[in-house]
Amino acid sequence: MKVYHILFIIICFSIVSCRTVKQVTVKKDVPVITENKLFKNIENHKLNYNTLFAKRIDVSLTNDKGSNNFKASLKIQRDSFIQISVTAPLGIEVARILFTNDTIKFADIYHKKYFLSDYTYFADKYEAHITYTFLQNLLTNTFFNPDVYDTASKKYKLDRVDEGYELSTVEERTLSRKIKKLYKKKRKNKDFILILQKILIDSQEFRPLSISVEDVEENTGVCVDYKNFKNVSGRIFPEIIVFGLFSDYAKTNLELKFQKLEFDVPVESNLKILPKYKRINNL
């Protein structure tokens, strides 16, 4: 199912790497600011909502083999649940996934299968420490530290660039056996990689414009871009979210375009696992 691609890109984002963001000249009307002041502005401009309901999302999946388009919907009850429903071109729902604070439920409606686990599944299979909060922040254009391995406060380098403020940091990370196998590193005996993280912040709304994590030495990575910000019921939110994944051999983009978006309307999680569904152990 196409929803697997959403999960795969999120998993890759949690594990390692995005292509270096092109350096741009400082724009004169981007004010000088201290790091502490920037973080205060980011906190004061966070999306204020209780629920988010995207009744229709146009999804485009593009890779070297071509492209696929389908529909989806998204429900978020803040700090409670995230539900994604995927619909085939003919309007038939084919899959539904539900994230709560401690569980992941996935129903493959078309094939009558289901998956049930907690977040240790990603840690055990991919060594990706994904949490509910991480997913919620990613989907709601909320600032977060992309290195979910390290919850400690991080020291960033702050630069003014053409689009706003760029926060960056470089650190060395040990490669585990699982990650080596997953990425099939060209240098098989390499035990460490240098990870460059970048977060671009808008200079007026103080919302993330892009978040990337890149392997400094190899051309492989993932990133997320937030585009076409609009005022929706007094709230600033991106109309488009693009997840990107690339390597020397392939490139994949997953674009979510929100067509019908509402805040603070009643939402309910309604994923049901029917008795005839067969349980699967892997996504």
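- A donor-acceptor distance shorter than 3.5 angstrom exists from the side chain of D264 to the backbone of N50, with no hydrogens or angles considered.
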* To do: Test E93 against T87 for side chain to side chain donor-acceptor pair (under 3.5 Å), laying out the working first.
  => CA-CA 4 Å; E93 185 180 27; T87 305; 5.9 Å; no

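- If you take OH on Y114 and CD1 on I273, they are separated by 7.0 Å, rounding to the nearest 0.5 Å.
- No continuous path of hydrophobic side-chain contacts links L271 to I57 [ILVMFWY only; heavy atoms under 4.5 Å].
- Side chains of F243 and N253 form no contact here, defined as non-hydrogen atoms less than 4.5 Å apart.
- When the options D79, T131, N101 are evaluated for a side-chain hydrogen bond (donor to acceptor under 3.5 Å, both in side chains) with Q136, the one that passes is D79.
- Nearest heavy-atom pair, F258 versus A54, reported as atom, atom and distance to 0.1 Å: CD2-CB, 3.5 Å.
- Rounding to the nearest 0.5 Å places CG of N41 at 10.5 Å from CD1 of I201.
- Put simply, CD on E43 and NZ on K40 are 11.5 Å apart, with the number rounded to the nearest 0.5 Å.
- T100 and D102 are linked by a side-chain donor-acceptor pair at a separation below 3.5 angstrom, with hydrogens and angles left out of the test.
- Under the 4.5 Å side-chain heavy-atom criterion for Ile, Leu, Val, Met, Phe, Trp and Tyr, L254 and V86 are members of the same hydrophobic cluster.
- For residues 43-65, the pairs satisfying ring-ring contact (aromatic ring centres under 6.0 Å, His included) are H45-F206, with sequence neighbours left out.
- Note on D29 versus R160: no salt bridge recorded, every NZ/NE/NH1/NH2 to OD/OE distance being 4.0 Å or above.
- When atom types are taken as modelled, the side chain of N137 and the backbone of T140 share no donor-acceptor pair closer than 3.5 angstrom.
- Ring geometry for Y156 against F39 counts as tilted: the plane angle lies between 30° and 60°, on a 0 to 90° scale.
- Taken together through direct or relayed side-chain contacts under 4.5 Å among Ile, Leu, Val, Met, Phe, Trp and Tyr, L200 and V30 form part of one hydrophobic cluster.
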* Candidate pair R207 and N141, rule side chain to side chain donor-acceptor pair (under 3.5 Å), full reasoning -> CA-CA 7 Å; R207 303 285 292 281; N141 187 228; 3.2 Å; yes

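- Looking at K71 and D58, a side-chain N of the basic residue comes within less than 4.0 Å of a carboxylate O on the acidic one, giving a salt bridge.
- Judged by distance alone, the side chain of K227 and the main-chain N or O of E239 form no donor-acceptor pair under 3.5 Å.
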* Check step by step if side chain to side chain contact (heavy atoms under 4.5 Å, CB included) holds for T103 and Y119. => CA-CA 7 Å; T103 62; Y119 292 90; over 6 Å; no

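- Counting non-hydrogen atoms of neighbouring residues, nucleotides and ligands closer than 6.0 angstrom, the CD atom of Q259 exceeds 12 such neighbours.
- The closest donor-acceptor contact from the side chain of S212 to the backbone of C223 lies at 3.5 Å or more, if one exists at all.
- Using a distance-only test at 3.5 Å, with no hydrogens or angles considered, a donor-acceptor pair links the side chain of Y165 to the main chain of P31.
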* To do: Given side chain to side chain contact (heavy atoms under 4.5 Å, CB included), test E255 with V59 step by step and report yes or no.
  => CA-CA 6 Å; E255 179 180 293; V59 184; over 6 Å; no

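- Taking the side chain as every heavy atom from C-beta outward, L116 and R279 approach each other to under 4.5 Å.
- Within a 6.0 Å radius of NZ in K105, other residues, nucleotides and ligands contribute 12 heavy atoms or fewer.
- Transitive grouping of hydrophobic side chains (ILVMFWY, heavy atoms separated by less than 4.5 Å) keeps L61 and I240 in distinct clusters.
- Rounded to the nearest 0.5 angstrom, F115 CZ and D108 CG are separated by 13.0 Å.
- Between the N231 side chain and the I236 main chain, no donor and acceptor come within less than 3.5 Å of each other.
- A distance of 6.0 Å or more separates the ring centres of F81 and Y132.
- No side-chain heavy atom of I84 sits under 4.5 Å from any side-chain heavy atom of R96.
- For the pair D225 and S210, the tightest heavy-atom approach, listed with the atom from each and the gap, is OD1-CB, 3.1 Å.
- N281 and Y121 get closest at one heavy-atom pair: O-CE1, 3.7 Å.
- The side-chain contact (heavy atoms from CB on, under 4.5 Å) test with Y226 is passed by exactly one of I211, D202, V242: I211.
- Nearest heavy-atom pair across L52 and V267 is O-CG1, 4.4 Å.
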* Would F237 and L47 count as a side chain to side chain contact (heavy atoms under 4.5 Å, CB included) if you check the C-alpha gap in whole Å, the side-chain angles of each, and the deciding distance to 0.1 Å? -> CA-CA 8 Å; F237 197 81; L47 182 66; 3.9 Å; yes

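- At a threshold of 4.5 Å between side-chain heavy atoms, the hydrophobic network of Ile, Leu, Val, Met, Phe, Trp and Tyr places I82 and L138 in one connected group.
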* Verdict with reasoning, N270 to Q83, per side chain to side chain donor-acceptor pair (under 3.5 Å) -> CA-CA 8 Å; N270 53 357; Q83 181 174 293; 2.6 Å; yes

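- To the nearest 0.5 Å, the span separating CG on L261 from OG on S233 amounts to 8.0 Å.
- Remark: the D118 side chain and the T120 side chain contain an N/O donor-acceptor pair separated by less than 3.5 Å.
- Distance check, rounded to the nearest 0.5 Å: CG of L158 to CG of L38 gives 6.0 Å.
- Looking at heavy atoms from C-beta onward, K55 lies out of side-chain contact with E262 at the 4.5 angstrom threshold.
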* Report the C-alpha separation of T169 and K157 in whole Å, then their side-chain angles, then the decisive distance to 0.1 Å, and conclude whether the side chain to side chain contact (heavy atoms under 4.5 Å, CB included) test is met. => CA-CA 6 Å; T169 182; K157 177 185 176 183; over 6 Å; no

